[in-house]
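Not measured: the values here are computed from a predicted model.
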Amino acid sequence: MGTALAAMYGHSDKAIFVLALLTTIGFQITSNFANDYGDGIKGTDNEERIGPKRAYQSGLLSRRELKNGIILSCVCNILLVIALVYFSFGLENLGYVLLFAVLGMASIWAALKYTIGSSAYGYKGFGDIFVFLFFGFLAVLGSMFLYTKFLTWTSVLPAVTIGLLSVGVLNLNNLRDVESDRKSGKNTLIVQMGFERGKRYHYMILITSFLAMLVFTTYHFTVWGNLVHLLVFIPVFLHFRKVYKTNTPIFLDPELKKLALSTLLLAVLFYFSFNIFL
């Protein structure tokens, strides 16, 4: 079973792994720059904002410097996408090359349009959908396809888990900022549904992410090492308990780092669970 699973999901290719990791980091940097810029020029980031100060808000970077940083990061992302696609498919698989080139450009567009422009989707309550699709389905299933050149139905489950936990980080941020977002016209899903309903939505996100990973793990279980990554849900459900007991948005700020780091740890341990313990 272990050998079959290795054959199904592919073996590690260091070049693809490094390039995929750098590309992911590049997209995240672009997204952070763009969010800083978009929220800054719209006035969403102001003295009422909870959490760490942003570069534009604090005056650390000017509007022009931040815009130049966005342009530079986009250029780096394009180069990384080209390199990743080339090392994954070469030039003989033109269909795959074009598909992933389009997906790469779509990722850059999504990073920019979350807060930038009059039609920024983050200001219309669509941030959760885009995060789920790009951080979950595209990131997980796209990375798998780079190695295997095919997908399986069970691979959707860890994609759902990572996607939902990424949505959870965004949702927690929106729960924390619900009052300032409402005043500045940032119509997030939490602003639309309210704080208490937003908390219940958060519980659903965490529980569903756990169930999806549990089903995948049960289906592919061969040795006890395959269960290691499930330990990450201990701090995740401690976080669940903290959110349940918190009724003041500002007190949710420390939970952001906990959930983000738990998601990262889950991804790392998941790799070891099904690559080392086969």
Side-chain angles (χ1 to χ4, degrees), residues 26-71 73-74 77 103-139 163-202 204-205 243 248-250 252-253 255-257 259-260 263:
F27 288 154
Q28 186 62 58
I29 290 173
T30 300
S31 179
N32 288 345
F33 279 172
N35 292 347
D36 196 317
Y37 180 85
D39 283 340
I41 64 175
K42 285 182 171 67
T44 307
D45 288 342
N46 51 48
E47 63 280 356
E48 295 183 11
R49 182 180 183 271
I50 303 170
K53 297 291 184 182
R54 285 180 163 181
Y56 183 76
Q57 175 195 14
S58 63
L60 183 63
L61 292 176
S62 68
R63 180 170 178 170
R64 182 175 181 178
E65 289 171 333
L66 195 52
K67 183 181 289 187
N68 289 338
I70 293 171
I71 295 171
S73 67
C74 286
N77 288 338
L103 291 174
M105 295 306 104
S107 298
I108 295 174
W109 175 89
L112 296 175
K113 293 298 292 182
Y114 177 64
T115 61
I116 293 179
S118 58
S119 60
Y121 61 84
Y123 279 71
K124 297 181 179 181
F126 295 115
D128 299 57
I129 295 174
F130 278 83
V131 165
F132 181 72
L133 292 176
F134 282 90
F135 284 80
F137 274 59
L138 181 56
L164 285 176
L165 289 177
S166 299
V167 171
V169 174
L170 174 63
N171 188 62
L172 198 62
N173 182 84
N174 291 339
L175 282 168
R176 181 198 66 186
D177 295 340
V178 60
E179 294 303 328
S180 59
D181 285 345
R182 182 181 289 112
K183 292 177 182 178
S184 61
K186 189 174 184 179
N187 201 27
T188 65
L189 201 57
I190 298 303
V191 170
Q192 296 178 40
M193 69 173 60
F195 185 76
E196 288 302 322
R197 287 184 179 178
K199 285 173 60 176
R200 291 195 289 272
Y201 170 57
H202 197 70
M204 181 186 71
I205 289 171
V243 173
T248 305
I250 191 173
L252 292 174
D253 188 53
E255 296 302 305
L256 269 167
K257 184 181 294 185
L259 186 58
T263 305

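No side-chain heavy atom of Phe33 sits less than 4.5 Å from a side-chain heavy atom of Gln28. Within the 4.5 Å cutoff, no side-chain heavy atoms of Ile129 are placed close to those of Val167. No side-chain heavy atom of Phe132 sits under 4.5 Å from any side-chain heavy atom of Ser166.
Partners of Thr30 by side chain to side chain contact (heavy atoms under 4.5 Å, CB included), not counting sequence neighbours, listed by chain and number: Ser73, Cys74, Asn77, Ala111, Leu112. Applying the side chain to side chain contact (heavy atoms under 4.5 Å, CB included) rule to Lys124 yields the partners Ser119, Phe126; only residues at least two apart in sequence or on another chain are considered. Listed by chain and residue number, nothing satisfies the side chain to side chain donor-acceptor pair (under 3.5 Å) test with Tyr114 (two or more places apart in sequence, or in another chain).
Heavy-atom contacts from other residues, nucleotides or ligands closer than 6.0 Å to NZ of Lys67 number 12 or fewer.
Remark: the Tyr201 side chain and the Asp128 side chain contain an N/O donor-acceptor pair separated by less than 3.5 Å.
Across all non-hydrogen atoms, the minimal contact from Tyr121 to Ala110 is OH-O, 2.6 Å. Ile190 and Asn174 make their closest contact through CG1-CB, 3.7 Å (heavy atoms, listed as atom of the first residue, atom of the second, distance). Across every non-hydrogen atom of Leu259 and His202, the tightest pair is CD2-CE1, 4.0 Å.
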| request: Test Ile116 against Ile70 for side-chain contact (heavy atoms from CB on, under 4.5 Å), laying out the working first. | output: CA-CA 11 Å; Ile116 293 179; Ile70 293 171; 4.2 Å; yes

